[in-house]
2 protein chains.
Amino acid sequence: MRLSTKGRYGLKAMFDLALNVGEGPVALNSIAERQNISVHYLEQLFSNLRKAGLVKSIRGAQGGYILADQPYNITVGDIIRTLEGPLAPTECVSSDDSTECSKADCCVTRTIWEKIRDSINTVVDSITLQDMLDDYKKLQNSDSFMYYI
Amino acid sequence: MRLSTKGRYGLKAMFDLALNVGEGPVALNSIAERQNISVHYLEQLFSNLRKAGLVKSIRGAQGGYILADQPYNITVGDIIRTLEGPLAPTECVSSDDSTECSKADCCVTRTIWEKIRDSINTVVDSITLQDMLDDYKKLQNSDSFMYYI
DNA sequence: AAAATTCCAAGTAAATTGCTCAGAATTCAT
DNA sequence: ATGAATTCTGAGCAATTTACTTGGAATTTT
C-alpha cells in the first residue's frame, strides 16, 4: 500500500511550483536540483500533469512550468491520482474500471475496500496546495523549524 | 496504492474461517477450492497469520486452521497489516521504521502521508470479522443476494 | 547561432509479486 | 503399524512493475 515515487516526487514538485507562484515559469532542472530528482524522470511526471491540465508549460530558454490554476484550486488528490491512477486498494473498487466482481464473498470484502478508498480520497481531496503553503509558513515561524532543514 | 493478493486472499480466507467458527479446523485445500487460490500460496499466508497469533493450526489428517480468537476480537486491520506490513503510503510514516526525513519540504508532505495512513488504519481497525459475518447474513436475507453468487 | 529548455519514445536494471516445486514433519483413521 | 491427510519449511522462478537512463527532436530566448 505504498505510493510510488511518481506520487511523492510529483507532489513535492507541485508544491515547489506553488512556492514560486506569480514569479514566472520554473525550470525542471531547478526543481530537480532542489529535490534531488533526475530531470528526465521529472519530465515524465510533468508530461502527465500537463495533459491533466494541472500545469502549463512554457518552452524554450527561460521556459519552464507554472501552475495552471490558483493553489487553492488544486488538490493533493488531483495531483496524486493523475500520477498514480485511482487511489483504491483493489481493482474492483477503482471507479474507472467497471468490471464487477461476481462472487458473493467478494461483496463482503468489497464494502471494506470501498470504505478504504473513500477515506483516502476524502483526505487527499480536502487538502489543497494553498493549505500546504499555509502549513509551510506556519512551520517556518515555529521554533521547531530548524530541525527540519 | 493497491493491496497485494496477500491482503486480499488473506482477508477472504480469514472470513472463511469465521464462517466455520465452532465447527472444528478448516483445511487449507477446502479454502483454496472455494476461493480458487493455490494451497501452497495459502500456506505461506497462514504461516504469517499463525506467527502473528491470529489463527491456530492443527496438524495431521483432519487438521487445519481455526481462528485464535472470537470474530469480534479480530479486526481487518490485524489481518491486513500482518500480511502486507504497515498500512502507510510512504516509508517515512511507517511506524515500525524510525528513520526520520531530514528535509524541510518532506515535512509539509509528511503531514499528508500521516493523515492518509491514519484514515486507512481507522477504517480497517473499526471492522471486525464479526462485522463481516453480520454484513454477510444481511446480504443473504436481502433481495439482491442472488446477484452476488 | 547558441544556449536553454520542453517534448517524446525507447530501453533497462533492480525489485517485487505471485506464485510453483520439493519434500519433511505430524497426526488421524483403520 | 501403515497410509492418507494435512501442516510446515525453504528454495526457486517467471512475469510484472518501478524507477529510472539514454538519445535526440522541437521550440524559444538571448
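Being a predicted model, the structure only gives us computed values, none of them experimental. Lettering follows sequence order; numbering is per chain, from 1. Note that these values count all heavy atoms, side chains included, but never hydrogens, waters or copies made by symmetry.
Taking each heavy atom of Asp69(B) and Ile74(B) in turn, the nearest pair found is O-CD1, 3.9 Å. In plain terms, the two heavy atoms of Leu54(A) and Asp78(A) that are nearest each other are CD1-O, 3.7 Å. Here the closest heavy-atom approach between residue Arg117(B) and residue Val93(B) is recorded as NH1-O, 2.9 Å. Across all their heavy atoms, Asn20(A) and Asp16(A) have their closest contact at ND2-O, 2.9 Å.
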For nucleotides 20-22 of chain C, list the nitrogen or oxygen atoms of the protein found under 3.5 Å from its nitrogen or oxygen atoms, one pair per line.
from	atom 1	to	atom 2	distance (Å)
dT20(C)	OP2	Ser38(B)	OG	2.8
dT20(C)	O4	Gln44(B)	NE2	2.5
dC21(C)	N4	His40(B)	ND1	3.4

With 3.5 Å as the limit, what N/O pairs link the protein to nucleotides 27-30 of chain C?
from	atom 1	to	atom 2	distance (Å)
dT27(C)	O2	Ala61(B)	N	3.1
dC28(C)	O4'	Ala61(B)	O	3.4

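Here the side chains of Arg8(B) and Thr109(A) are not in contact, with every heavy-atom distance at 4.5 Å or above. When side chains are defined from C-beta on, Trp113(B) counts as touching Leu3(A), because their heavy atoms get closer than 4.5 Å. Arg81(A) places a side-chain heavy atom less than 4.5 Å from the side chain of Val124(A). Using a 4.5 Å heavy-atom threshold, the side chains of Arg110(A) and Glu114(A) count as touching.
Between the side chains of Asn29(A) and Glu33(A), no donor N or O sits under 3.5 Å from an acceptor N or O. Side-chain contact of Gln130(A) with Asp134(A): a donor-acceptor pair under 3.5 Å is present, judged by distance alone. In this structure, a donor-acceptor pair under 3.5 Å is absent between the side chains of Thr111(A) and Lys115(A).
Put simply, NZ on Lys56(B) is 14 Å from P on dC8(D), counting in whole angstrom units. As rounded to whole Å, 11 Å separates atom P of dT18(D) from atom CG of Leu3(A). Lys12(A) has its NZ atom 15 Å from the C1' atom of dA19(D), to the nearest Å. Remark: P of dT16(C) and CG of Leu83(B) are 18 Å apart, rounded to the nearest angstrom. Atom-to-atom, CG of Leu45(A) to C1' of dT18(D) comes out at 12 Å; the value is rounded to the nearest Å. Taking atom CG of Asn36(A) as the reference point, atom C1' of dA19(D) lies 14 Å away to the nearest angstrom. When the P atom of dC20(D) is taken as reference, atom CZ of Arg8(A) falls 9 Å away, rounded to whole Å. Rounded to whole Å, atom P of dC8(D) lies 8 Å from atom CG of Leu28(B).
When the side-chain nitrogen and oxygen atoms of Ser4(B) are compared with OP1 and OP2 of dT16(C), none of them lie within a distance under 4.0 Å. One finds no side-chain N or O of Ser57(A) lying less than 4.0 angstrom from the OP1 or OP2 phosphate oxygen of dT5(C). Proximity of Tyr9(A) to the phosphate of dT18(D): no side-chain N or O atom is located under 4.0 Å from OP1 or OP2. The side chain of Asn29(A) places no N or O atom within less than 4.0 Å of a non-bridging phosphate oxygen (OP1 or OP2) of dA4(C).
The aromatic rings of Phe15(B) and Tyr136(B) sit perpendicular, their planes meeting at an angle over 60°, well past the 30° parallel limit.
Residues of residues 46-54 of chain A having a heavy atom closer than 4.0 Å to DNA chain D: none are found.
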